Amino acid sequence: MRIVLLGKPGAGKGTQGEFLSKELKIPRIVMSDLLKREVESGSELGALIEGYMSEGKLVPDEVVYMVLERGIGGLRDFILDGFPRNVKQAEWLDSFLSSRNMELNAVLYFDVSDLIVLRRMMGRLVCERCGKTYNIFYDPPEDIRKCSCGGRLYQRVDDCYDKILRRLDVFSEETEPLLEYYRKRGKLVPIDASSGIEDVREEMLSILKSLEHDSS
């Protein structure tokens, strides 16, 4: 299957994407990881990407496309996370897959309210020693200052109110038009991401199983 994951920050698509990759035994391609690996490779393309990043600029779409083509390689099945981010990129992806006689099977949209995003992200605490994550609303530690391992708990810089709102604004401006794009093509599959992790997984697998049955 060829699947795209979409969702607001804090919707849980990363967690569910990892699970889905293991469950379906197909690779999860994370765009930010591909760019990072290209930079770390020391290639000419990586140096170009690093230059844009060091100046705080967005990597141009044409460069992103080159990296993604390499990342997909000869794969027939994959899960895409972090791409596409806008309609222009979605059109490129459709064209790229069509050139290989392929198309997307589904675009999973993890639907969650802004309020829940704020509670999930602003309530997040991370252990500086072991990396364990807590949430003061949903999964609080016994000691608000310390992890069970004894490490100090801290809040990530990006988990502050202003930065979360800005990320939500960016999603609304750039990514929400994608929902209509894929809805018109019959690819969009909304999933209620406001419930617990296990409930989301059950809904996701049930939907994908029905899609496989319909295409067989």
Side-chain angles (χ1 to χ4, degrees), residues 3-21 28-39 49-61 63-65 67-68 71 79-93 107-128 131-140 153-183 188-197 200 204:
I3 301 167
V4 162
L5 306 181
L6 293 178
K8 296 173 184 175
K13 67 183 178 67
T15 299
Q16 298 298 350
E18 288 180 10
F19 165 78
L20 200 58
S21 175
R28 171 174 167 251
I29 300 173
V30 183
M31 194 66 237
S32 59
D33 290 347
L34 290 183
L35 293 171
K36 182 180 178 181
R37 283 201 293 269
E38 193 65 43
V39 170
I49 294 169
E50 187 174 25
Y52 284 110
M53 289 180 168
S54 63
E55 294 177 11
K57 297 179 180 178
L58 290 175
V59 179
D61 283 346
V63 177
V64 172
Y65 300 156
V67 174
L68 185 59
I79 299 166
L80 268 181
D81 187 346
F83 186 96
R85 291 187 178 276
N86 53 54
V87 172
K88 180 183 176 183
Q89 291 182 354
E91 291 172 340
W92 177 88
L93 180 61
V107 176
L108 304 184
Y109 172 51
F110 296 89
D111 192 11
V112 66
S113 71
D114 289 356
L115 180 59
I116 290 178
V117 168
L118 286 167
R119 286 174 65 87
R120 285 179 178 177
M121 298 184 72
M122 290 184 67
R124 187 159 52 191
L125 294 173
V126 183
C127 176
E128 64 179 5
K132 183 176 180 178
T133 300
Y134 297 89
N135 189 289
I136 61 174
F137 300 113
Y138 306 112
D139 181 27
L153 296 176
Y154 70 96
Q155 184 182 47
R156 292 171 179 164
V157 175
D158 288 343
D159 286 347
C160 69
Y161 181 75
D162 289 343
K163 290 192 175 183
I164 296 170
L165 287 187
R166 177 56 190 151
R167 291 172 68 186
L168 288 172
D169 285 342
V170 170
F171 179 86
S172 179
E173 293 165 9
E174 296 185 357
T175 311
E176 278 195 353
L178 274 176
L179 305 183
E180 185 62 23
Y181 176 87
Y182 284 123
R183 187 179 290 111
L188 190 68
V189 181
I191 293 176
D192 181 7
S194 63
S195 52
I197 291 177
V200 175
M204 183 172 58

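In this text the structure is predicted, and so the values were computed from the model without any measurement.
Checked by atom type and distance alone, the side chain of Ser21 never pairs as donor or acceptor with a backbone atom of Glu18 at under 3.5 Å. Although no hydrogens or angles enter the test, the distance criterion places a donor-acceptor pair under 3.5 Å between the side chain of Arg120 and the main chain of Gly10.
Inter-residue side-chain proximity for Leu20 and Leu108 is flagged as met; some heavy-atom pair is nearer than 4.5 Å. In this structure, Asp81 and Lys13 have side chains that are in contact, with non-hydrogen atoms separated by less than 4.5 Å. For the pair Arg156/Tyr154, a side-chain contact is recorded, criterion being any heavy-atom separation below 4.5 Å from C-beta on. Side-chain contact between Trp92 and Pro84 is absent, with no heavy atoms from C-beta onward closer than 4.5 Å. The shortest distance between side-chain heavy atoms of Met53 and Leu35 falls below 4.5 Å. In this structure the side chain of Val87 never reaches within 4.5 angstrom of the side chain of Glu180, judged on heavy atoms. Within the 4.5 Å cutoff, no side-chain heavy atoms of Gln89 are placed close to those of Leu93. Between Leu68 and Ile29 there is a side-chain heavy-atom pair separated by less than 4.5 Å.
Atoms CD and CG, on Glu174 and Asp169 in that order, are 11.0 Å from each other to the nearest 0.5 Å. Here the CD-CG distance, from Glu176 to Leu168, works out to 9.5 Å after rounding to the nearest 0.5 Å. Note: Leu179 CG to Phe171 CZ = 5.5 Å, rounded to the nearest 0.5 Å. Atoms CD1 and CZ, from Ile191 and Phe110 in turn, are 4.5 Å apart once rounded to the nearest 0.5 Å. Atom CG of Leu178 and atom CG of Leu188 lie 9.5 Å apart (nearest 0.5 Å). Atoms CG and CG, from Asp111 and Leu6 in turn, are 11.5 Å apart once rounded to the nearest 0.5 Å.
Across all non-hydrogen atoms, the minimal contact from Ile164 to Met122 is CD1-CG, 3.4 Å. Taking every heavy atom of both residues into account, Gly17 and Leu5 meet most closely at CA-CD1, 3.6 Å. Pairing each heavy atom of Gln16 with each of Ile197, the nearest pair is NE2-O, 3.3 Å. The two atoms that bring Ala90 and Tyr182 nearest to each other are CB-OH, 3.4 Å, heavy atoms only. Between Met121 and Gln155, the shortest heavy-atom contact is O-NE2, 4.4 Å. What you find for Ala11 and Ala193 is that their closest heavy atoms are O-CB, 3.6 Å.
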- Could you walk me through whether Lys8 and Tyr109 pass side-chain contact (heavy atoms from CB on, under 4.5 Å), step by step? CA-CA 9 Å; Lys8 296 173 184 175; Tyr109 172 51; 4.2 Å; yes
- Task: Starting from the C-alpha separation in whole Å, work towards a yes-or-no answer on salt bridge (Lys or Arg N to Asp or Glu O under 4.0 Å) for Lys88 and Glu91.
- Result: CA-CA 5 Å; Lys88 180 183 176 183; Glu91 291 172 340; over 6 Å; no
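Under the 30°/60° scheme for interplanar angles, the aromatic rings of Tyr65 and Phe83 are found to stand perpendicular.
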